[in-house]
There are 2 protein chains.
Amino acid sequence: MRLSTKGEYATRAVLYLSRRHGTGTVQINEIAHNEGIPTKYLEQILLTLKNAGLLISKKGVKGGYYLARPPEEITVGEVVRVMDGPLAPIRCASEKFYERCSLEPSCGLRGLWLEVRGAISGILDNRTFGDLCKSIDQHQREPMYYI
Amino acid sequence: MRLSTKGEYATRAVLYLSRRHGTGTVQINEIAHNEGIPTKYLEQILLTLKNAGLLISKKGVKGGYYLARPPEEITVGEVVRVMDGPLAPIRCASEKFYERCSLEPSCGLRGLWLEVRGAISGILDNRTFGDLCKSIDQHQREPMYYI
DNA sequence: TTAAAGTCGACAAATCCTATAGAAATTACC
DNA sequence: GGTAATTTCTATAGGATTTGTCGACTTTAA
């Protein structure tokens, strides 16, 4: 029932960019270094997020990435879905990626998976990166370090 | 955030065995056929469940599998953990498979993943296969078909 | 013009899913 | 009681997917 590393890295990267929101572009290297993510792998991930319209990139010297929308308007669920697909444990219990299963009518488990999906989406679709930034700032008064 | 096919097949198989509980041994083939699971793959899965102490097997003619405990005493969470490991989306948010992560102290996401883990385990650890059997019997009055 | 970035494609390694081939154990039957 | 049939058990091999790496290419600011 786990998140792929892609999903994990993506959420970490977007959170990082959220905390840097409004301070211009951020380079892949900086994120990779501070979050302990393999640089080349992170490249692919950020590219996917960009193609999904969540990030904007700038090439060349002083280039980098930044959020396409303010952190308050990006939910964790959105990022996870871009990288990992459905939130639901199995396909036939997904709302946004639903696929019919031949056993569905008599399936004694589908109700349970729907319940799980609901619980997960209830959390991830209602939590924005703005919320996360806020609770970080409350807990640790130290400002963020840049390299 | 999805369940592996192993986890899905295992829960289906255990539910099948739950509905047949008390009727003697059930062959791999019967389960595989009725649940649409590749036979040889199911063999491995049932073996794992047996080694985990959830099932008992009998070799030879008229052999097969049956539950080691009544369905009311087996939770879905237990089966999923045997096959898939942690219920938590990522390792550092797991209770039973916890692994420390170097970024943990400053991690802005761990709280969220803990919340997700709690929601999932709140459902799966409190639902037994006995419960599932009961709600199946309520919805469809037809008895179960055997081959 | 040069160095610093993102972009792209191919490839390597690990894990997941499934199939194949047979060994071991048990029952049934002659 | 021995042989055949049935079923689980074990090991292994191969394809698919995930995870990550490498090198060359493109764009841009200074």
Side-chain angles (χ1 to χ4, degrees), chain A residues 1-13 16-17 20 24-33 35-68 80 82-86 89-91 146-147, chain B residues 1-13 17 20 24-33 35-68 80 82-86 89-91 147:
Chain A
M1 196 79 70
R2 84 176 209 295
L3 193 65
S4 74
T5 62
K6 248 180 187 151
E8 187 196 336
Y9 292 163
T11 50
R12 292 230 299 263
Y16 193 96
L17 289 171
R20 291 286 305 269
T25 61
V26 182
Q27 285 82 37
I28 293 180
N29 254 324
E30 178 184 335
I31 305 176
H33 179 266
E35 296 288 337
I37 303 172
T39 306
K40 281 297 190 175
Y41 195 34
L42 184 57
E43 278 185 16
Q44 293 173 24
I45 292 168
L46 295 186
L47 207 52
T48 304
L49 292 172
K50 180 200 141 186
N51 291 332
L54 283 135
L55 305 182
I56 294 173
S57 69
K58 237 183 95 181
K59 281 190 177 182
V61 177
K62 298 222 172 178
Y65 281 93
Y66 56 96
L67 298 183
V80 170
V82 166
M83 298 310 300
D84 274 34
I90 55 177
R91 218 67 179 199
Y146 307 157
I147 38 173
Chain B
M1 197 79 71
R2 81 176 211 297
L3 194 66
S4 73
T5 62
K6 247 179 188 152
E8 187 195 336
Y9 292 163
T11 50
R12 291 229 300 262
L17 288 171
R20 292 286 305 269
T25 61
V26 182
Q27 284 84 35
I28 293 180
N29 253 325
E30 179 184 335
I31 305 176
H33 179 264
E35 297 287 337
I37 302 172
T39 306
K40 281 298 187 175
Y41 194 32
L42 185 57
E43 275 188 20
Q44 295 174 22
I45 292 168
L46 295 186
L47 208 52
T48 304
L49 292 171
K50 181 203 142 187
N51 291 333
L54 282 135
L55 304 182
I56 294 173
S57 69
K58 240 184 93 181
K59 282 188 179 183
V61 177
K62 298 222 174 176
Y65 282 93
Y66 57 96
L67 297 183
V80 171
V82 167
M83 300 309 301
D84 275 32
I90 57 178
R91 218 70 178 194
I147 37 173

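Throughout, protein chains are lettered first and strands after them, A, B, ... in sequence-line order, and every chain is numbered starting at 1.
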For [X] and [N], what is the distance between atoms [atom1] and [atom2] respectively, to the nearest whole Å?
| X | N | atom1 | atom2 | result |
| --- | --- | --- | --- | --- |
| A/Ile37 | D/dT18 | CD1 | C1' | 16 Å |
| B/Lys40 | D/dA11 | NZ | P | 14 Å |
| B/Ile28 | C/dA19 | CD1 | C1' | 14 Å |
| A/Lys6 | D/dT21 | NZ | C1' | 14 Å |
| A/Glu8 | D/dT19 | CD | P | 11 Å |
| B/Asn29 | D/dT6 | CG | P | 12 Å |

Report yes if at least one side-chain N or O of [X] is closer than 4.0 Å to OP1 or OP2 of [N]; otherwise report no.
| X | N | value |
| --- | --- | --- |
| A/Thr25 | C/dA5 | no |
| A/Tyr41 | D/dC22 | no |
| B/Thr39 | C/dA19 | no |
| A/Ser57 | C/dG6 | no |
| A/Thr5 | D/dG20 | yes |

Measure the shortest side-chain to side-chain distance between [X] and [Y] over non-hydrogen atoms and say whether it is less than 4.5 angstrom.
| X | Y | result |
| --- | --- | --- |
| A/Asp84 | A/Leu3 | yes |
| B/Arg20 | B/Glu30 | yes |
| A/Ile31 | A/Leu46 | yes |
| A/Val26 | A/Tyr16 | yes |

Set of side-chain hydrogen bond (donor to acceptor under 3.5 Å, both in side chains) partners for B/Ser57, sequence neighbours left out: none
side-chain hydrogen bond (donor to acceptor under 3.5 Å, both in side chains) partners for B/Lys59, two or more places apart: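 Counting only residues at least two positions away or on another chain, B/Lys59 forms no side-chain hydrogen bond (donor to acceptor under 3.5 Å, both in side chains).
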When you compare the protein's N or O atoms with those of nucleotides 25-30 of chain D, which come within less than 3.5 Å of each other, and at what distance?
{"from": "D/dT28", "atom 1": "O2", "to": "A/Val61", "atom 2": "N", "distance (Å)": "3.4"}

Is it true that A/Gln27 and A/Tyr65 share a donor-acceptor pair across their side chains at a distance under 3.5 Å? no
With a non-hydrogen cut-off below 4.0 angstrom, is B/Ser4 in contact with a base, only sugar-phosphate, or nothing?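 The answer is sugar-phosphate, as B/Ser4 gets under 4.0 Å only of primed atoms, P, OP1 or OP2.
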Quick one: which of C/dC17, C/dG6, C/dT18 gets closest to the side chain of B/Arg2? C/dC17
Report the secondary structure of DNA chain C in dot-bracket form, marking unpaired bases with a dot and bases paired to a different strand with |, and treating Watson-Crick or G-U pairs with both distances under 3.5 Å as paired. ||||||||||||||||||||||||||||||
From B/Glu35 CD over to B/Thr11 OG1, what is the distance, rounded to the nearest 0.5 angstrom?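 Between atom CD of B/Glu35 and atom OG1 of B/Thr11 there are 9.0 Å.
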To the nearest 0.5 Å, what is the distance between CD1 on A/Ile37 and NZ on A/Lys6? 13.0 Å
Who are the side chain to side chain contact (heavy atoms under 4.5 Å, CB included) partners of B/Ala10, not counting sequence neighbours? B/Ile45, B/Leu49, B/Val79, B/Met83
Near-strand residues of residues 42-52 of chain B, defined as heavy-atom separation under 4.0 angstrom from DNA chain C: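 DNA chain C contact set from residues 42-52 of chain B: B/Gln44.
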Where is the tightest heavy-atom contact between A/Ile28 and A/Leu42, given as atom of each residue plus distance?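 So the minimum-distance heavy-atom pair works out to O-CD2, 3.8 Å.
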Heavy-atom closest pair (B/Met1 atom, A/Val80 atom, distance to 0.1 Å) is CE-CG1, 4.5 Å
B/Gln27 or A/Tyr9, whichever maps to the more 5' nucleotide of DNA chain D: B/Gln27
